Amino acid sequence: DGESTSTDGKYYGFWNPLTESIDYKGAIVEKDGSIFEGHFLNAVASGRGRKILSSLAVYEGEFEGGECFGQGTFVGPSGRTYQGCWRHNKQNGHGLEKFEDGSIYDGSYLDGVKHGRGKWIYADKSEY
């Protein structure tokens with residue numbers, strides 16, 4: 001338990017003396033001001049966690065290899081939200097996205113882009 005500083009930022013949490021690596025739960029403040037708190041494996045975000053970006057956007061969910069990967073929720077600084085599947089830091093699979101104007105998209109994504117089947121529900125409750 002403690003803290004360490006590296007070229008990536010400052011880490012607070014548990015340190016595994018056997019592997020000389022971050023292998024448990026902790027937090028890192030990155031050089032750009034982003035903060036990750038959650039689980040690490042070999043000093044990389046893996047498992048459940050939360051990342052607060054310097055833009056104040058927040059992702060909370062599953063990580064693999066330091067990336068948003070699996071189920072997670074993103075909340076942007078303007079209030080836009082996305083809840084669903086992620087792969088390599090991009091929306092991938094089924095998700096529900098809510099926009100600032102009250103409209104909703106419920107459908108499929110591929111590499112961060114709406115793709116395949118989906119339904120738009122506009123703020124006036126009309127659907128497409």
Side-chain angles (χ1 to χ4, degrees):
D1 192 22
E3 70 180 63
S4 68
T5 302
S6 72
T7 56
D8 296 328
K10 191 165 201 166
Y11 171 78
Y12 302 88
F14 294 95
W15 176 264
N16 184 335
L18 297 175
T19 62
E20 296 186 354
S21 184
I22 301 166
D23 276 339
Y24 194 61
K25 192 171 183 181
I28 188 165
V29 179
E30 298 173 353
K31 290 209 178 223
D32 69 357
S34 298
I35 300 169
F36 173 80
E37 19 180 48
H39 292 270
F40 291 85
L41 179 61
N42 297 322
V44 177
S46 294
R48 299 269 323 151
R50 177 172 58 172
K51 185 159 188 171
I52 303 168
L53 303 173
S54 57
S55 67
L56 301 183
V58 177
Y59 170 83
E60 187 163 355
E62 298 171 347
F63 288 81
E64 184 177 297
E67 298 180 326
C68 304
F69 203 105
Q71 290 293 313
T73 300
F74 172 87
V75 179
S78 64
R80 181 179 65 87
T81 65
Y82 171 82
Q83 183 174 0
C85 297
W86 293 82
R87 186 172 178 186
H88 302 299
N89 290 329
K90 296 180 181 178
Q91 300 146 310
N92 206 74
H94 184 262
L96 181 72
E97 190 168 5
K98 296 180 181 178
F99 297 87
E100 299 88 339
D101 67 359
S103 60
I104 298 170
Y105 176 76
D106 184 359
S108 296
Y109 292 79
L110 180 63
D111 294 328
V113 178
K114 292 166 190 65
H115 179 81
R117 297 185 64 93
K119 177 168 69 171
W120 278 99
I121 302 171
Y122 296 98
D124 66 4
K125 305 298 182 217
S126 62
E127 295 182 12
Y128 176 75

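It should be emphasised that the depicted structure is a prediction, and the values quoted were computed from it without experimental measurement.
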Qualifying residues under side chain to side chain donor-acceptor pair (under 3.5 Å), relative to E37, sequence neighbours excluded: R50

Contact summary for Y82 and N92, nearest pair of heavy atoms: OH-N, 4.2 Å

Atom pair CD1/CD of I35 and E30 - distance to nearest 0.5 Å: 9.5 Å

Separation between CG of D111 and CD of Q91, rounded to the nearest 0.5 Å: 10.5 Å

More than 12 heavy atoms of other groups within 6.0 Å of R87 CZ: no

Parallel, tilted or perpendicular, as decided by the 30° and 60° cut-offs, for the rings of Y109 and Y105: perpendicular

Exceeds 12 heavy-atom contacts within 6.0 angstrom, atom CD of Q83: no

For T81, side chain to side chain donor-acceptor pair (under 3.5 Å) partners two or more places apart: none

Nearest-0.5 Å distance, CD of residue E127 to OG of residue S103: 12.5 Å

For Y59, ring-ring contact (aromatic ring centres under 6.0 Å, His included) partners two or more places apart: F63, W86

Qualifying residues under ring-ring contact (aromatic ring centres under 6.0 Å, His included), relative to H88, sequence neighbours excluded: F69

S108 OG to K119 NZ distance, which is reported to the nearest 0.5 Å: 13.0 Å

Residue pairs involving residues 94-108 (criterion salt bridge (Lys or Arg N to Asp or Glu O under 4.0 Å); sequence neighbours excluded): R80-E97, E97-K114

Taking every non-hydrogen atom, the tightest pair across G76 and A57: CA-CB, 4.1 Å

Closest non-hydrogen atom pair, G65 against V44: C-CG1, 3.2 Å

Co-membership, hydrophobic cluster, residues Y122 and F99, 4.5 Å side-chain: yes

Set of residues satisfying side-chain contact (heavy atoms from CB on, under 4.5 Å) with respect to Q71, sequence neighbours excluded: E62, C85

Separation of C68 SG from K51 NZ (nearest 0.5 Å): 7.5 Å

